[in-house]
Protein chains: 2
Amino acid sequence: MINVLQVTERMMIRDKSMTRAINTVGSSTYERIKKDIIFGTLAPGSKLKLDALKQQYEASVSTLRETLNRLSSDGFVEAAEQRGFFVRSVSKEDLTEIANLRILLECSALKTSIENGDADWEGNLVAAHHKLRLTEEKMLSGDTSQKELWKRYDWEFHKTLIEACNSQNLMSLHAIIYDKYLRYQMLVITDRGEAAAKEHKQMFDAALVRDVDAATKVLEVHIRKGLEHTLANM
Amino acid sequence: MINVLQVTERMMIRDKSMTRAINTVGSSTYERIKKDIIFGTLAPGSKLKLDALKQQYEASVSTLRETLNRLSSDGFVEAAEQRGFFVRSVSKEDLTEIANLRILLECSALKTSIENGDADWEGNLVAAHHKLRLTEEKMLSGDTSQKELWKRYDWEFHKTLIEACNSQNLMSLHAIIYDKYLRYQMLVITDRGEAAAKEHKQMFDAALVRDVDAATKVLEVHIRKGLEHTLANM
DNA sequence: ATATTTAAAATATCATATATTATTGCGAAT
DNA sequence: ATTCGCAATAATATATGATATTTTAAATAT
């Protein structure tokens with residue numbers, strides 16, 4: 001799931017021999033609003049007035065309510081009965097909870113994934129790490145124009161690492177938590193560029209030689225350091 | 001959260017000096033449909049046609065769509081773009097994933113909770129276990145009329161056990177997973193009555209003497225045995 | 001049998017009506 | 001003067017029914 005930065009334009013899918021454009025207004029507003037919450041365009045705690053959203057996202061009230069209800073179940077929006085919707089507010093406590101959850105879920109998934117991953121998985125991992133490293137190098141050399149792309153490759157790398165864990169349920173829970181964690185990262189201006197890149201490399205190497213202990217330990221440090229960095233800057 | 005068996009009638013809340021009835025059609029429909037999915041009234045895999053639901057739950061299409069979108073984010077309903085909604089289908093693989101997730105989340109929460117629980121928590125735990133034990137005894141002596149109540153007390157006991165874990169995020173994730181697990185339990189006819197009751201007692205005792213290891217071990221066995229029992233009967 | 005056309009059913013979206021909450025203004029009491 | 005309570009009004013959320021679009025199925029032709 002490229003849930004974070006998913007292309008919002010119409011996607012093509014194969015249907016028999018024809019290609020046909022599909023995408024509902026609902027799903028595209030969902031992606032757009034979610035993205036705007038994660039990347040801070042919609043500020044934490046701010047009221048989501050339906051009339052205003054109607055103009056902003058060019059969708060009807062019903063469609064917006066469907067969207068906001070979904071986002072509320074996901075935990076990005078707060079729904080106050082008969083008082084409307086709000087962007088989920090942020091706090092250090094919440095971030096700490098999110099980070100701990102991410103450690104719990106992702107480390108568990110990583111362990112199983114490393115134990116079960118086949119050649120396909122290794123291939124995907126090599127590819128994912130390669131793309132991530134290239135973008136990281138660009139970022140480190142001062143070209144910060146592609147922050148969104150960088151974050152997408154970060155997501156793809158982490159997702160690929162745990163992809164062989166054999167649990168759809170775990171994967172989708174993790175996807176949500178990852179996005180919540182990302183939202184906090186986008187809240188602060190700076191990032192841990194070089195250190196994070198080094199940790200990615202260590203995880204990559206450990207995963208390929210099937211060293212579960214090393215990989216999960218680095219992952220935990222990776223997340224915990226990210227947590228500390230964000231806490232210190234928010 | 002008494003999410004499973006929550007009373008669907010209007011609830012009273014205090015507002016200044018008056019009591020005032022609140023409850024939207026949306027939230028009550030949500031609870032009702034969720035309950036019907038968990039308790040099997042709405043069969044796994046079955047199509048959720050809007051017209052039919054409209055009559056069944058006496059709500060408009062838009063309200064129902066809001067509900068179904070929420071349930072889809074929660075994972076109880078499958079939303080197929082432009083093809084409508086379906087009750088989430090079941091499988092042994094899915095149940096196994098759910099059980100493993102429950103072990104992961106609940107054991108982690110239990111550990112922290114036991115480490116942090118104060119006198120209030122102990123009191124709540126004593127009360128929760130007492131209510132559960134009374135109902136279990138009735139069930140074991142043949143009175144199976146209160147299966148829903150029993151399941152509610154089971155939920156309250158497990159919830160109370162982890163309530164001092166200091167993580168709202170973890171608690172709400174756990175609540176969803178618990179309900180998914182419960183759905184599978186309701187699918188099969190029989191239960192592990194006596195054995196489960198014994199395990200509850202063991203967890204209760206271990207929690208009170210703050211024996212993290214013993215408590216989490218029993219919990220894991222408790223869930224794993226429940227998984228095996230359900231797998232064998234589905 | 002397979003493909004195409006047509007009809008029916010169902011979903012997605014919208015505009016509007018109803019119910020609820022929030023705001024404002026005014027007068028009485030402290 | 002300031003606070004509090006109350007009523008009228010405005011703003012907003014919730015819920016509904018109607019319409020447009022898409023999918024499913026049934027029927028016909030290749």
Tabulated below should be each protein N or O lying under 3.5 Å from an N or O of nucleotides 22-24 of chain C; please produce it.
from	atom 1	to	atom 2	distance (Å)
dA22(C)	OP1	R83(A)	NE	2.5

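For the pair T160(A) (side chain) and E156(A) (backbone), a donor-acceptor distance under 3.5 Å is present. Put simply, the side chain of S108(B) never gets that close to the backbone of L104(B): no donor and acceptor are under 3.5 Å apart. Using a distance-only test at 3.5 Å, with no hydrogens or angles considered, a donor-acceptor pair links the side chain of Y181(B) to the main chain of I223(B). Judged purely by atom type and a 3.5 angstrom limit, E97(B) uses its side chain to pair as donor or acceptor with the backbone of Q168(A).
By the 4.0 Å N-to-carboxylate-O rule, E148(A) lies too far from R152(A) to be salt-bridged with it.
Every residue two or more places apart in sequence or in another chain that forms a side chain to side chain contact (heavy atoms under 4.5 Å, CB included) with D120(A) is listed here: D118(A).
Within the structure, salt bridge (charged side-chain N to carboxylate O under 4.0 Å, His left out) pairs that include any residue of residues 57-76 of chain A comprise R65(A)-E66(B), E66(A)-R65(B) (at least two apart or interchain). Legend: side chain to side chain donor-acceptor pair (under 3.5 Å) pairs involving residues 36-47 of chain A, not counting sequence neighbours, sorted by first then second residue: D36(A)-Y57(A).
Between Q82(B) and dA12(C) there is no side-chain N or O to OP1 or OP2 distance below 4.0 Å.
Taking the screw axis at each terminus of the helix from dA1(C)-dT30(D) to dT30(C)-dA1(D) from five consecutive base pairs, the angle between the two is 30° to within rounding of 10 degrees.
Near DNA chain D, defined here as any heavy-atom distance below 4.0 Å, the residues from residues 50-72 of chain A are L50(A), V61(A), S62(A), R65(A), listed numerically.
Ring orientation note: the planes of F157(A) and H200(A) are nearly perpendicular, at an angle over 60° on the 30°/60° scale.
Rounded to an integer number of Å, the gap from E81(A) CD to dA13(D) C1' is 11 Å. dA10(D) atom P lies 17 Å from atom NZ of K49(A), rounded to whole Å. Straight-line distance from the CG atom of L48(A) to the C1' atom of dT12(D): 13 Å, rounded to whole Å.
Here the side chains of L71(A) and Y30(A) are in contact, with some heavy-atom distance below 4.5 Å.
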